[in-house]
Amino acid sequence: MSQITNHLPTKELQALDSAHHMHPFTEDAALAKKGARIITRGKGVWLTDSEGQQILDGMAGLWCVNVGYGRKDIAEVAARQTEELCYYNTFFQTSHVPAIALAAKIAELAPGDLNHVFFAGSGSEANDTNIRLVRRYWQAKGKPWRRTIIARWNGYHGSTLGGGSLGGMKPIHAHGGTIDGVAHIGQPYWWAEGGDMPEDDFGLMKAQELEAKILEVGPDNVAAFIGEPIQGAGGVIVPPKTYWTEIQRICDKYGILLIADEVITGFGRTGDWFGSQTFGIKPHIMTIAKGLSSGYAPIGGSIICDEVYNTIANSGDDFNHGYTYSGHPVAAAVALKNLEIMQDEKIVDHVKNVAHSYLKERWDALTDHPLVGEAKLVGLMGSIALTPNKAKRAPFASKPGTVGFRTRERCFANNLIMRHVGDRMIIAPPLVITPAEIDVLIERATKSLDESYAGLKSEGLLKAA
Ligand code: PXG
């Protein structure tokens, strides 16, 4: 197999990169001055860069490489499928074996009557599909006016125009606008916003914002509510335990479709197959991507319950929607192999009973660090809040994200990929991470926190807002 190991020197690669490659969510001119870090290889939880550094990937790529990098068994399936049937579409009354087998496997793994899969190429595309699905459902029910979708501020559902509109990230809305028929409610972020309120009361209060929004929009105008079981890109915000039960109650009361965006939380990340199971959510539709193929091929989709599927399928009309690569055979074969590996190697069990248990104690102990105010960990999805004053759960006086960014830079220098979202640090390592590798993660995280703290202290940046 060909491997690009004799690549150009790093500086030349960086120059070509900035000359021709425009990066997502990046100020390219600023990156051009610095040069991107260039990743050349991956194995297990480890990445190698063009300078030969070994980096522990605490983010599984972008929350996706769940079975770890460099699996030969997946590579072989991709090669075989490419040769056998590299592409065919699933439009025009045709189908193919990989799409059929993958849809059946997903239906087997998904809870309840989530028995039908519409494939997309990514999580963003799948959420765009969901917008059409729920609106088409209500049309077919004879209520075309039910089209508003309620979502949350600081939720993330992708960066296509539809996905970005569902998401509650104002900087994304600011670049290109939003679609109509989407309304947002607050997020259940107790640590930053809960004040003196007990966490469970705060969870209820935030869920009840949904009811207030439904009444404001008019119950008969609302099509669906969408939320991530745990907000990922928003900073690994774990909701209070009262939150999802109340959201479910309100959706049931008003007959509103519930979409669980499981792009990050699906396929083992939370220690169950789906985050909805961890939180007792019974969605009508789940968005999936990322861990579906462990990032080995781009694929996403919507898992749809019997009622929504039957209503649309029996409406007497086509569902006028689909992508060239819906159910792409190579991506589907890769995803199927990935799910087989998840099952054969009992990776969800490993998350729950080995990796989570081992990491939990060490992760929680980070709250002993002077910079860390709280630590959250569900399965292998974790966050810590950085603060200058733990007792007050205070934000820093500096611009939000300054301290987080500086801490992330220390992690980068120490060959650990741990991200920051504002002044929260987040991790989501490959699910196959071993206890010995968790020790390295904690050791590098602690060193990075120490260095960040020392720097902030010497520059007088430990002030509360
Ligand atoms: N839903 C959720 C919950 C996601 O996390 C998407 C949808 C969109 O998926 P695609 O495949 O279209 O990217 C995501 C993606 C970050 C970050 O900064 C997170 C995502 C994507 C890019 C950056 O944490 N999540």
Side-chain angles (χ1 to χ4, degrees), residues 90-91 93-96 98-120 123 125-144 146-150 157 166 219-220 222-229 244-245 247-263 265-267 272-289 292 299-323 326-327 332 335-336 339 343:
T90 49
F91 293 39
Q93 314 207 334
T94 58
S95 200
H96 50 66
I100 296 166
L102 180 62
K105 171 61 80 184
I106 292 169
E108 172 200 316
L109 294 172
D113 67 350
L114 290 163
N115 289 322
H116 314 272
V117 185
F118 192 102
F119 287 113
E125 284 181 9
N127 277 326
D128 279 29
T129 297
N130 291 339
I131 296 170
R132 284 187 190 273
L133 275 173
V134 299
R135 290 181 175 170
R136 177 71 197 127
Y137 169 81
W138 287 112
Q139 271 178 345
K141 283 277 189 198
K143 293 191 168 183
R146 278 192 93 137
R147 50 193 314 282
T148 298
I149 302 170
I150 301 176
H157 301 293
L166 295 176
D220 211 31
V222 180
F225 172 75
I226 184 167
E228 307 152 78
W244 273 110
T245 359
I247 290 279
Q248 180 82 55
R249 185 190 70 75
I250 295 165
C251 287
D252 291 349
K253 177 174 171 190
Y254 294 96
I256 284 162
L257 297 176
L258 177 52
I259 309 169
D261 186 336
E262 295 264 8
V263 167
T265 50
F267 303 105
D272 294 297
W273 274 96
F274 296 96
S276 291
Q277 293 163 318
T278 309
F279 290 94
I281 311 165
K282 294 198 165 43
H284 297 91
I285 296 174
M286 274 184 188
T287 324
I288 53 171
L292 168 59
I299 184 166
S302 307
I303 325 182
I304 305 154
C305 72
D306 287 342
E307 158 68 13
V308 171
Y309 169 80
N310 287 330
T311 303
I312 295 173
N314 295 305
S315 66
D317 197 359
D318 288 347
F319 176 46
N320 296 321
H321 176 69
Y323 309 105
S326 285
L336 186 63
L339 297 181
Q343 286 188 302

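Scored by the salt bridge (Lys or Arg N to Asp or Glu O under 4.0 Å) test, Arg136 finds no partners at all (sequence neighbours excluded). For His96, the side-chain hydrogen bond (donor to acceptor under 3.5 Å, both in side chains) test picks out no residue, with sequence neighbours left out. With sequence neighbours left out, Ser302 forms a side-chain hydrogen bond (donor to acceptor under 3.5 Å, both in side chains) with Asn130. Every residue two or more places apart in sequence or in another chain that forms a salt bridge (Lys or Arg N to Asp or Glu O under 4.0 Å) with Lys105 is listed here: Glu108. Residues passing the ring-ring contact (aromatic ring centres under 6.0 Å, His included) test with Phe319, sequence neighbours excluded: Phe118, His321.
The distance from atom CG of Leu336 to atom CD1 of Ile299, rounded to the nearest 0.5 Å, is 10.0 Å. Here the CE atom belonging to Met286 is positioned 5.5 Å from the CG atom belonging to Leu114, to the nearest 0.5 angstrom. From Ile303, atom CD1 reaches atom CG of Leu292 across 8.0 Å, with rounding to the nearest 0.5 Å. The SG atom of Cys305 sits 9.0 Å away from the CG atom of Asn115 when rounded to the nearest 0.5 Å. A distance of 10.0 Å separates OG1 of Thr148 from CD1 of Ile256, quoted to the nearest 0.5 Å. With rounding to the nearest 0.5 angstrom, the OG1 atom of Thr287 is 6.5 Å from the CD1 atom of Ile259.
At least one side-chain heavy atom of Ile226 sits under 4.5 Å from a side-chain heavy atom of His157. Side-chain atoms of Phe119 and Leu102, non-hydrogen and from C-beta on, do get closer than 4.5 Å to each other. Side-chain contact check for Val222 versus Ile149: every heavy-atom pair is 4.5 Å or farther apart. At a threshold of 4.5 Å between non-hydrogen side-chain atoms, the residues Tyr309 and Val117 do not count as touching.
Atom CZ of Arg135 sits in a crowded spot, with more than 12 heavy atoms from other residues, nucleotides or ligands closer than 6.0 Å. Applying the 6.0 Å contact sphere to CZ of Phe279 captures more than 12 heavy atoms from other residues, nucleotides or ligands.
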* Start with the C-alpha distance between Phe274 and Phe267, add both sets of side-chain angles, then the distance that settles ring pair (Phe, Tyr, Trp, His ring centres under 6.0 Å), and finish with yes or no. => CA-CA 6 Å; Phe274 296 96; Phe267 303 105; 5.2 Å; yes
* To do: Report the C-alpha separation of Leu257 and Phe225 in whole Å, then their side-chain angles, then the decisive distance to 0.1 Å, and conclude whether the side-chain contact (heavy atoms from CB on, under 4.5 Å) test is met.
  => CA-CA 6 Å; Leu257 297 176; Phe225 172 75; over 6 Å; no
* To do: Let me see the working for Gln248 and Thr245 under side chain to side chain donor-acceptor pair (under 3.5 Å), right down to the final yes or no.
  => CA-CA 5 Å; Gln248 180 82 55; Thr245 359; over 6 Å; no
* Full working for side-chain contact (heavy atoms from CB on, under 4.5 Å) between Leu166 and Asp261 -> CA-CA 11 Å; Leu166 295 176; Asp261 186 336; over 6 Å; no
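Of all the heavy atoms in Ala289 and Val263, the pair that sits closest is CB-CG1, 4.0 Å. Taking both residues in full, the closest heavy atoms of Ser95 and Thr90 are given as CA-CG2, 4.5 Å, listed atom of the first, atom of the second, then distance. Ala332 approaches Ala99 most closely through the heavy-atom pair CB-N, 4.0 Å.
A side-chain donor-acceptor contact under 3.5 Å links Ser276 and Glu262.
Applying the salt bridge (Lys or Arg N to Asp or Glu O under 4.0 Å) test to pairs two or more places apart or on separate chains, none has a residue in residues 314-323.
A donor-acceptor pair is defined here as one N or O able to donate and one able to accept, closer than 3.5 Å; no such pair exists between the side chain of Trp273 and the backbone of Ala110. Arg146 places no side-chain N or O within donor-acceptor distance of the main-chain N or O of Trp138, the cut-off being under 3.5 Å. A donor-acceptor pair under 3.5 Å is absent between the side-chain atoms of Tyr137 and the main chain of Thr311, judged by distance alone.
Of the residues Asp113, Ile304, Val308, the one that meets the side-chain contact (heavy atoms from CB on, under 4.5 Å) test with His284 is Val308.
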